[in-house]
Amino acid sequence: MTFHLKTFCTSSLESLNLLTMAAIGKRGTVTEAAGFNAEEDVQKLREAMKGAGTNEEAITEVLARRTVAQRQRIKEAYKQSVGKDLADDLSSELSGNFRSVVLGLLMLPPVYDAYELKFAMKGAGTEEACLIDILASRTNAEIQTLNGVYKKEYGKTLEDAVCGDTSGMFQRVLVSLLTAGRDESDNVDEAQAVLDAKDIYEAGEARWGTDEVKFLTVLCVRNEKHLLRVFQEYQKISGRDIEDSIKREMSGSLEDVFLAIVKCIKNKPAFFAERLYKSMKGLGTTDSVLIRIMVARAEVDMLDIKAQFLKMYGKTLHSFIKGDTSGDYRKILLVLCGGE
């Protein structure tokens, strides 16, 4: 994975604006470091990169224990005192998965999302899981910011990129999500909820073939509370959970994206807990998924993701990461995970 870091030189004013738009939750494992001093952190990072070897532990201690906002101040201070870009210097010193985590931590959330999407669509083949993870789970405001950042960083709209790289109904669902037009009110229209459930039932289970557009209209447009009512009604009408019906009616990426939307509506931390579990269980680890979620959610809802993970799998996320990764990569992920 090649990083073109010079594209991420946002001005400090822009960084500030993007930070205010980024969703930083109150349920993160990474919180503001007390007695924070950007200049001291710069000194520690310079020491860590001096001489023949690199002190990865020192880099972890600084960057994984600072918030996104604090890391931006470190980047600024580094540039002032060294005259170089911190990400560029770290990029040439580090390698592998550890490097990916560190460089991800240095980016603002919408910049990181844009970067991940860009590289998911680069070259032959597409990492559909990345498109689904990001677009199905972000709020309208996050998607609007992401659209702006993507255009600025890569010179084309995210919609154009997605359309050039996907096709069919899957593409249409992603394009709908990219409009950031989901109703975000708390209004539940009881009569409409019954109608929506009936529409989905008749578009799927009740007929030969599936009318996917009906699913798109309901799942990509209605608000969260309304959809939870639709899912209850659907269960009544069909005798099935909406997720079961999607699995029966769809396949491939379309099934994956609709399931992701439903899961995020029902319980977003549980959605991410499942993604983390699947990235590590069995042979081999899907590091791209593991890194993306650990970096993107550490300051948002990692406490809730950990709680869901334990509830769903009877094991701590900490113990899973510990058993599935190694070296400095393991250490930095465990810091982002927080304690057991």
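Quick note: residue numbers are just sequence positions, from 1.
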Salt bridge (Lys or Arg N to Asp or Glu O under 4.0 Å) with Glu233: which residues, sequence neighbours excluded?
Arg229, Lys236
Heavy atoms of other groups near Glu202 CD, more than 12 under 6.0 Å
yes
Distance check, rounded to the nearest 0.5 Å: Met169 atom CE versus Ser167 atom OG?
12.0 Å
Determine, stepwise, if the pair Leu317 / Leu310 fulfils side chain to side chain contact (heavy atoms under 4.5 Å, CB included).
CA-CA 7 Å; Leu317 176 59; Leu310 182 59; over 6 Å; no
Decide side chain to side chain contact (heavy atoms under 4.5 Å, CB included) for Leu195 and Gln192; before the verdict, give the C-alpha distance in whole Å, the side-chain angles of both, and the deciding distance to 0.1 Å.
CA-CA 5 Å; Leu195 198 63; Gln192 186 62 52; 4.0 Å; yes
Pairwise side-chain contact, His318 with Leu334, heavy-atom cut-off 4.5 Å (strictly under):
yes
Using only atom types and a distance under 3.5 Å, with no angle test, would you say the side chain of Asp133 pairs donor to acceptor with the backbone of Val289?
no
Would you check if the side chain of Arg330 reaches a backbone N or O of Lys322 as a donor-acceptor pair within less than 3.5 Å?
yes
Among all residues two or more places apart in sequence or in another chain, which pass the salt bridge (Lys or Arg N to Asp or Glu O under 4.0 Å) test with Glu340?
none
Using side-chain contact (heavy atoms from CB on, under 4.5 Å) as the criterion, list what pairs up with Glu39, not counting sequence neighbours.
Asn37, Ala77
Under the side-chain contact (heavy atoms from CB on, under 4.5 Å) test, which residues partner Val335, sequence neighbours left out?
Thr60, Ala64, Arg65
Contacts of type salt bridge (Lys or Arg N to Asp or Glu O under 4.0 Å), residue Lys263, not counting sequence neighbours:
Glu274
Between the main-chain N or O of Phe320 and the side-chain N or O of Lys315, is there a donor-acceptor pair closer than 3.5 Å?
no
Can you get from Val295 to Phe119 by hopping between Ile, Leu, Val, Met, Phe, Trp and Tyr side chains that sit under 4.5 Å apart?
yes
Using the rule that Ile, Leu, Val, Met, Phe, Trp and Tyr join whenever any side-chain heavy atoms are under 4.5 Å apart, tell me whether Leu303 and Met312 fall into a single cluster.
no
Can you check whether Lys79 reaches Asp85 side chain to side chain, under 4.5 Å on heavy atoms?
yes
Lys84 to Tyr78 - nearest heavy-atom pair and separation
O-CD2, 3.4 Å
Using the rule that two of Ile, Leu, Val, Met, Phe, Trp, Tyr join whenever any of their side-chain heavy atoms come within less than 4.5 Å, decide whether Val42 and Phe36 are in one cluster.
yes
Measure the CG-CD distance between Leu108 and Gln72 for me, rounded to the nearest 0.5 Å.
4.0 Å
Just wondering, do Met302 and Leu336 contact through their side chains at under 4.5 Å, heavy atoms?
no
pair Val111-Glu153: side-chain heavy atoms closer than 4.5 Å
yes
For Phe215 and Val173, what are the C-alpha separation, side-chain angles and deciding distance, and is it a side chain to side chain contact (heavy atoms under 4.5 Å, CB included)?
CA-CA 9 Å; Phe215 280 82; Val173 174; over 6 Å; no
N/O donor-acceptor pair under 3.5 Å between Gln70 side chain and Ala33 backbone
yes
Contacts of Thr54 meeting side chain to side chain donor-acceptor pair (under 3.5 Å) (sequence neighbours excluded), chain-then-number -> Glu93
So, for Val188 and His226, which heavy atoms are closest and what is the spacing to 0.1 Å?
CG2-N, 3.8 Å
List the steps, then state whether side chain to side chain donor-acceptor pair (under 3.5 Å) holds for Gln144 with Asn140.
CA-CA 6 Å; Gln144 279 164 350; Asn140 287 348; over 6 Å; no
If I take atom CZ from residue Phe98 and atom CG from residue Leu90, how far apart are they, to the nearest 0.5 angstrom?
8.5 Å
Nearest heavy-atom pair of Ile134 and Arg138: which atoms, and what distance?
O-CG, 3.0 Å
How close do Thr29 and Cys337 get, heavy atom to heavy atom, and via which atoms?
CG2-O, 3.2 Å
Mark yes or no for whether Ser91, through its side chain, and Asp88, through its backbone, hold a donor-acceptor pair below 3.5 Å.
no
Could you measure the distance from the CG atom of Leu219 to the OG atom of Ser176? Nearest 0.5 Å is fine.
10.0 Å
Can you find a heavy atom in the side chain of Asp287 that is under 4.5 Å from one in the side chain of Tyr329?
yes
Are Ile200 and Leu228 grouped together when hydrophobic residues (ILVMFWY) are joined by side-chain heavy atoms under 4.5 angstrom apart?
yes
Sequence-distant partners of Arg66, salt bridge (Lys or Arg N to Asp or Glu O under 4.0 Å), two or more places apart:
Asp41
Any donor-acceptor pair under 3.5 Å from Asn147 side chain to Leu178 backbone:
yes
How long is the span from the CD atom in Glu56 to the CD atom in Glu61, to the nearest 0.5 Å?
13.0 Å
Ignoring hydrogens and geometry, is there a side-chain-to-backbone donor-acceptor pair from Lys306 to Gly339 under 3.5 Å?
yes
Strictly distance-based, threshold 3.5 Å: is any side-chain N or O of Gln171 a donor or acceptor partner for the main-chain N or O of Thr166?
yes
Non-neighbouring partners of Ser238 that pass side-chain contact (heavy atoms from CB on, under 4.5 Å), sequence neighbours left out
Tyr201, Tyr234, Arg240
Applying a strict under-4.5 Å side-chain criterion to I, L, V, M, F, W and Y, I'd like to know whether Met107 and Tyr154 cluster together.
yes
So if I apply the salt bridge (charged side-chain N to carboxylate O under 4.0 Å, His left out) rule between Asp241 and each of Lys266, Lys247, Arg248, which one comes out positive?
Lys266
Kindly write out the residues that satisfy side chain to side chain donor-acceptor pair (under 3.5 Å) with Arg73, not counting sequence neighbours, or none if the list is empty.
none
Tell me the closest heavy-atom pair linking Ile143 and Ala180, and the distance in Å.
CG2-CB, 3.9 Å
Walk me through whether Thr145 and Glu142 qualify under side chain to side chain contact (heavy atoms under 4.5 Å, CB included).
CA-CA 5 Å; Thr145 308; Glu142 287 170 324; 5.8 Å; no
Side-chain contact test, heavy atoms from C-beta onward, threshold under 4.5 Å: evaluate it for Tyr112 versus Arg292 and give yes or no.
yes
Partner set under ring pair (Phe, Tyr, Trp, His ring centres under 6.0 Å) for Tyr313, not counting sequence neighbours:
Tyr277, Phe309
Search all heavy atoms of Leu146 against all heavy atoms of Ala114 and return the closest pair with its distance.
CD1-N, 3.4 Å
Output the distance between atom CG (Leu45) and atom CG (Leu63), rounded to the nearest 0.5 Å.
5.0 Å
Donor-acceptor contacts under 3.5 Å from residues 250-262 side chains, at least two apart:
none

Minimum side-chain heavy-atom gap Asn97-Leu333 below 4.5 Å:
no
Output all residues satisfying side-chain contact (heavy atoms from CB on, under 4.5 Å) with Lys268, sequence neighbours left out; order by chain, then residue number.
Ser137, Cys264, Phe272, Arg297
Any donor and acceptor pair, going by atom type alone, linking the side chain of Glu116 with main-chain N or O of Leu131 inside 3.5 Å?
no
Are the side chains of Ile332 and Leu105 in touch, meaning some heavy atoms are under 4.5 Å apart?
yes
